[in-house]
Structures are given as C-alpha cells and as structure tokens.
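Throughout, protein chains are lettered first and strands after them, A, B, ... in sequence-line order, and every chain is numbered starting at 1. Only this structure's heavy atoms are used, side chains among them; waters, hydrogens and symmetry mates stay out.
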There are 2 protein chains.
Amino acid sequence: MRQKEDPKGEAVENVISNIKLNPVSRSRLHEDIVSQIQNKIITGELKAGEKLPAERELAMELNVNRATLREALKKLEVQGLVDIRHGDGVYVKDFLESESLEVLKAMMYREEGADPEIIDSLLSARSALLPEVAAMAAIKRDEQHVRKLKEIVEAKSNMPVLEADLAVHHTIARASGNYLVIFILNFFNKLFREYGKFYFSAPENENRSRKFHRDICEAIAKRDAHKARRIMKDVLEYAHERTMKAIIDR
Amino acid sequence: MRQKEDPKGEAVENVISNIKLNPVSRSRLHEDIVSQIQNKIITGELKAGEKLPAERELAMELNVNRATLREALKKLEVQGLVDIRHGDGVYVKDFLESESLEVLKAMMYREEGADPEIIDSLLSARSALLPEVAAMAAIKRDEQHVRKLKEIVEAKSNMPVLEADLAVHHTIARASGNYLVIFILNFFNKLFREYGKFYFSAPENENRSRKFHRDICEAIAKRDAHKARRIMKDVLEYAHERTMKAIIDR
DNA sequence: GGTCATTCAGTGGTTCGACCAATTAAAATA
DNA sequence: TATTTTAATTGGTCGAACCACTGAATGACC
C-alpha cells in the first residue's frame with residue numbers, strides 16, 4: 001500500500017502515450033488548462049474513450065499543482081467532455097454527446113473568423129424550428145406580445161436592423177409560451193448576433209427584413225398560424241441562402 | 001498584510017447573513033455542495049447579485065476543505081450560476097439569464113413528479129423541430145447511419161422500447177449532420193428518458209413505436225425526405241396527445 | 001474642501017504534502 | 001481452476017501556506 005505521494009514513478013505507458021499539453025502562464029491557470037484539453041477533444045486529438053494520464057502525472061506535465069488541474073477537470077466534467085471515475089481514471093467522452101452549449105460555442109469559435117459549416121448548421125436549425133414556433137405563437141399569443149411586436153416594427157427605424165430582428169424572434173418565442181423554445185431561441189440569437197452581419201451587410205436584405213417584421217406581426221395579430229409559418233419559412237430560407245453566399249464570397 | 005491563514009475571524013456581517021448550508025456526508029462531497037447551492041439559487045433563496053460568504057468561511061460552515069468547496073464553485077461557475085471574481089468574491093447570477101441547459105434541467109427536476117406544463121413544452125418543441133430534422137437526415141445520411149438504424153430496429157426486441165426510441169432519435173440527429181440539432185436533441189432525449197414512461201406504459205403505444213422505427217428507417221434509407229418528415233410528424237403528434245392524456249389521467 | 005495616489009486588509013488563485021477511499025489486477029489460497 | 005486476499009494505482013479530501021487581484025480607507029497634495 002502506498003504511503004508516500006508522488007513516488008517519482010516513471011511515465012506510465014499503458015495509457016495514451018503523450019498528449020503534449022503545454023505548461024501554462026501564471027493567471028487563470030485552470031482556465032487555460034480547460035481550453036487546452038477542450039481543444040484537444042474537439043479537434044479529435046483526444047478521442048472518446050481514451051484515458052488521460054493520472055492527475056499527478058498530468059499536473060506535473062502541465063507544470064501546475066494537482067489541485068489546479070482538478071479544478072480544470074471539474075469544469076470539463078460539467079461540460080460533459082470527460083468522465084472522472086474514482087479509483088480508475090479520467091476518460092475522454094464523445095463531445096457530440098455533450099449537451100453543453102458551452103462546448104458547442106467552443107466548437108464554433110475554435111477557428112478564426114466564421115466557420116461556414118457551423119453557420120450553416122445554425123441557419124438550418126433556425127429554418128427547421130422557427131416556422132413552427134411562429135405558428136405556435138400565432139395561436140397562443142396574447143395582446144401583450146402583439147403590442148411588443150408592433151412597438152418593434154414601428155421603432156425599428158431607430159434600431160439597428162439586426163437588433164430589431166433579434167427582438168422580433170425573441171418576442172415570437174415568448175409568445176409561443178414554450179419554455180424550451182425560449183431557451184433555445186435565446187441561444188440561436190446569441191450566435192446570430194455574431195453572424196447576422198453577413199446577411200444585413202446588403203441593403204436589399206435589410207428592406208426585406210423590415211417587410212418581414214411587418215408581415216409576421218400582422219399574421220400573428222390575426223392569429224393566422226398558417227400564414228405566420230409560411231412567412232417565417234420563406235424569410236429564413238432566403239436569409240440562409242444569402243448569408244452563405246455572402247460568407248463564401250467574402 | 002495577512003501572513004497566516006484562517007485568522008479565526010468572526011462571521012462577516014456585510015454579506016448575506018446565513019444561508020444555512022448543511023454539512024455534508026462523506027462521498028461525492030463537492031457534488032452535494034453543488035446540489036445544495038444550485039437548489040438555493042433556483043428556488044430563489046439565493047438571489048441574483050448576492051455575494052456568497054468567503055470561501056474560507058463557507059468551507060468552514062459546510063465542514064469541508066476549501067479545495068473541495070472550490071471544486072464545487074467551479075462547477076457552478078460553468079453552469080452559469082455564480083460569478084467568481086478574483087480578489088472580490090463569489091456572486092450569485094440570475095439563473096434565468098443562463099444559457100446552460102444544465103440549469104434548465106435542474107429547474108425541471110426540482111419539483112417531485114412530472115410538471116405537465118414542462119412536459120407539454122418538451123413534446124411541443126420535439127414536434128416542431130424533429131420532422132424537419134428527419135427530412136434533413138433523409139437527405140444527408142450516409143450508409144453508416146442507415147446501418148446503425150437497422151441495427152436498432154432489429155435488436156430492439158432485446159432493448160427496452162424507450163431506449164430504442166431514444167437511440168433512433170439520436171441516430172437521426174447525427175445523420176442530419178447538424179451540430180446544433182445534435183446538441184438540442186441530446187437534451188430533449190435526456191428529458192424524454194424521464195417522461196417517456198408515461199407514453200410507453202401503454203402496450204399499443206409500444207407497438208406503434210416499433211412500427212415507427214421500421215418506417216422511418218426505411219424512409220431515410222430511401223432518401224425520401226417528404227415521407228420521413230410525415231412519419232416523424234405523425235408519431236410525435238400522436239405521442240404528444242397520448243402522453244399528456246396519460247399524465248392527466250394518472 | 002476636493003482630488004488623487006497610496007496603502008493594506010480581504011478575497012480568490014495556486015502550491016505543497018499528506019492521507020482517505022474506490023478500483024483494478026496481481027498474488028495467494030482453497 | 002476458481003476464489004479470496006492483497007497491494008498498487010488513481011481519484012477525493014484535507015490543512016496550511018503563500019501569491020495576486022480588488023476595493024475601500026487613508027492621507028498627501030492642490
């Protein structure tokens with residue numbers, strides 16, 4: 001039975017050989033570690049099922065204390081990126097099984113600039129979900145939501161069109177009365193705030209959005225679910241196409 | 001300047017007086033702490049903006065070591081529930097502003113039994129999103145996904161029907177090739193694992209699901225997006241109705 | 001009296017070294 | 001050979017210390 005710590009054991013070779021993690025600068029140490037391991041997992045350098053070196057070893061390799069490394073591992077555990085098993089070891093999980101939007105965000109931001117594949121994912125997901133949300137909103141909305149929509153439509157000349165657009169989407173999500181939808185839409189909007197500039201850089205798209213805001217507001221006010229769904233679907237598919245074109249041409 | 005630790009200072013009174021956190025049993029200590037603080041935030045006992053006692057104090061109150069408390073706080077930080085400011089303190093955040101699905105899950109699980117409104121939200125959101133995902137999957141799937149679906153369909157007599165159902169949804173999400181959709185579906189599935197029992201308690205629903213798995217697999221294998229969308233839509237609307245009925249009648 | 005730079009106690013961040021507890025596999029035993 | 005025992009490995013907790021940042025009290029200066 002071991003009684004002493006850090007028995008100066010030679011590198012264990014029955015686990016993945018060497019994952020080349022860099023020693024780290026002095027400040028937000030554990031955050032740097034989180035980023036490093038997160039990136040190695042997301043890029044596939046660390047694959048699902050692989051066992052990380054023991055904490056004592058890994059800490060030494062990173063040139064940090066074990067407690068600091070453990071704080072980093074705890075964060076990665078919450079993000080669903082690693083599985084920590086008492087008495088056994090730390091195992092890499094499949095990051096696509098993660099439900100952490102933090103991880104998704106890390107995937108999106110891991111490349112400089114805009115990753116066309118990720119933006120395409122976002123725009124597709126919006127196109128898939130929002131038409132039905134618009135229909136739900138048309139049915140379940142109350143006067144308060146209609147008032148809010150009209151406010152945005154009327155005030156939007158004083159409002160950047162991207163902000164107005166996000167506000168319209170957000171209000172429609174609220175009007176749908178569905179908690180999950182509100183949550184998901186909040187996340188979509190946070191991402192679209194980054195990427196919407198590619199779409200709204202063209203003036204004709206801005207005009208189209210203004211018209212869209214008027215039309216969807218009217219459809220929801222009239223409780224016309226079918227029309228709301230159609231309007232939303234059309235504008236999102238148009239925006240999808242134009243945004244991808246703008247990104248590829250840039 | 002302080003040179004010694006734990007200067008036996010009297011309880012500081014310029015922060016929230018006493019949040020009554022219970023000392024904790026010996027195993028998964030930091031997880032118990034996470035749960036306690038999480039609950040206190042979600043129930044509103046700890047309000048946004050409030051400052052937690054200093055780590056050294058809080059650790060003493062919980063009867064745990066400071067390192068253990070810090071691991072718990074790091075997890076809460078990732079969940080977006082607290083804001084840790086070096087040299088200042090730990091502040092409670094507004095959990096409704098969080099984009100962490102972990103937090104949403106904690107909110108859903110905080111009541112005993114099943115909250116009909118939450119389940120209705122979940123089933124509506126599924127009905128809104130998944131038909132389009134099925135259509136996407138029919139177009140973008142490759143052979144690997146078809147093989148996986150057939151495996152599930154054939155093996156599912158040995159598999160609890162709920163697990164088979166979740167696996168089918170998950171495979172379809174992967175086949176869609178849309179990262180956002182995969183993440184969102186993972187989350188839906190984790191919730192539905194809790195609530196699906198209300199639906200599958202009826203044998204006729206289990207049979208319907210088996211047929212659904214066969215049909216959607218076939219439609220996707222044939223790249224028939226229209227049929228896949230229709231099949232998914234029908235089964236989800238049926239499941240929505242039956243599940244809500246089962247819950248209300250229970 | 002008001003403004004600014006300084007000081008310093010308090011707080012989170014990191015380090016060290018140790019022991020506890022769960023797991024696994026090798027070794028001893030039936 | 002099958003089972004039990006043992007010991008090494010690994011994550012979990014502990015406690016004590018020092019480092020680094022923040023903000024408010026202090027005091028010099030205008």
With hydrogens left out and only the distance checked, is there a donor-acceptor pair under 3.5 Å joining [X]'s side chain and the base of [N]?
X: B:Asp88; N: C:dG12; answer: no
X: B:Arg56; N: C:dG12; answer: yes
X: B:Arg66; N: C:dG13; answer: yes

Should the pair B:Phe212 and B:His169 be assigned to parallel (<30°), tilted (30 to 60°) or perpendicular (>60°) ring geometry? tilted
Nearest-nucleotide 5' precedence on DNA chain C, A:Arg85 against A:Glu71: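 Per heavy-atom nearest nucleotide, the more 5' residue is A:Glu71.
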For A:Phe187, does the CZ atom have more than 12 heavy-atom neighbours from other residues, nucleotides or ligands under 6.0 Å away?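 More than 12 within 6.0 Å, yes.
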Please state how far atom [atom1] in [X] lies from atom [atom2] in [N], giving the value in whole angstrom units.
X: B:Leu62; N: D:dC14; atom1: CG; atom2: C1'; value: 15 Å
X: A:His86; N: C:dT24; atom1: NE2; atom2: C1'; value: 13 Å
X: A:Glu57; N: D:dT9; atom1: CD; atom2: P; value: 11 Å
X: B:Leu73; N: C:dG13; atom1: CG; atom2: P; value: 9 Å
X: B:Lys51; N: C:dT11; atom1: NZ; atom2: P; value: 6 Å
X: B:Glu77; N: C:dT11; atom1: CD; atom2: C1'; value: 15 Å
X: B:Leu29; N: C:dA22; atom1: CG; atom2: C1'; value: 14 Å
X: B:Arg28; N: C:dT23; atom1: CZ; atom2: C1'; value: 13 Å

Go through [options] for me and flag the one nearest to the [X] side chain.
X: B:Arg70; options: C:dT14, D:dT13, D:dC21; answer: C:dT14
X: A:Ala67; options: C:dT15, D:dG11, C:dG13; answer: C:dT15
X: A:Asn65; options: C:dG12, C:dT15, D:dG15; answer: C:dT15
X: B:Glu55; options: C:dG13, C:dT15, D:dT13; answer: C:dG13
X: B:Val64; options: C:dA21, C:dG12, D:dC14; answer: D:dC14

Does this structure show an ion pair linking B:Glu143 with B:Lys150, if we count only N-O contacts that are shorter than 4.0 Å?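 The answer is no: the pair does not qualify as a salt bridge.
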Going by an N to O cut-off under 4.0 Å, is there a salt bridge joining B:Glu206 and B:Arg210?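 Yes.
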Are [X] and [N] close enough that a side-chain N or O sits under 4.0 Å from OP1 or OP2?
X: B:His30; N: D:dT13; value: yes
X: B:Thr68; N: D:dG12; value: no
X: B:Lys74; N: C:dG13; value: yes

From the list B:Val235, B:Asp165, B:Ile152, side chain to side chain contact (heavy atoms under 4.5 Å, CB included) partner of B:His213 resolves to B:Asp165
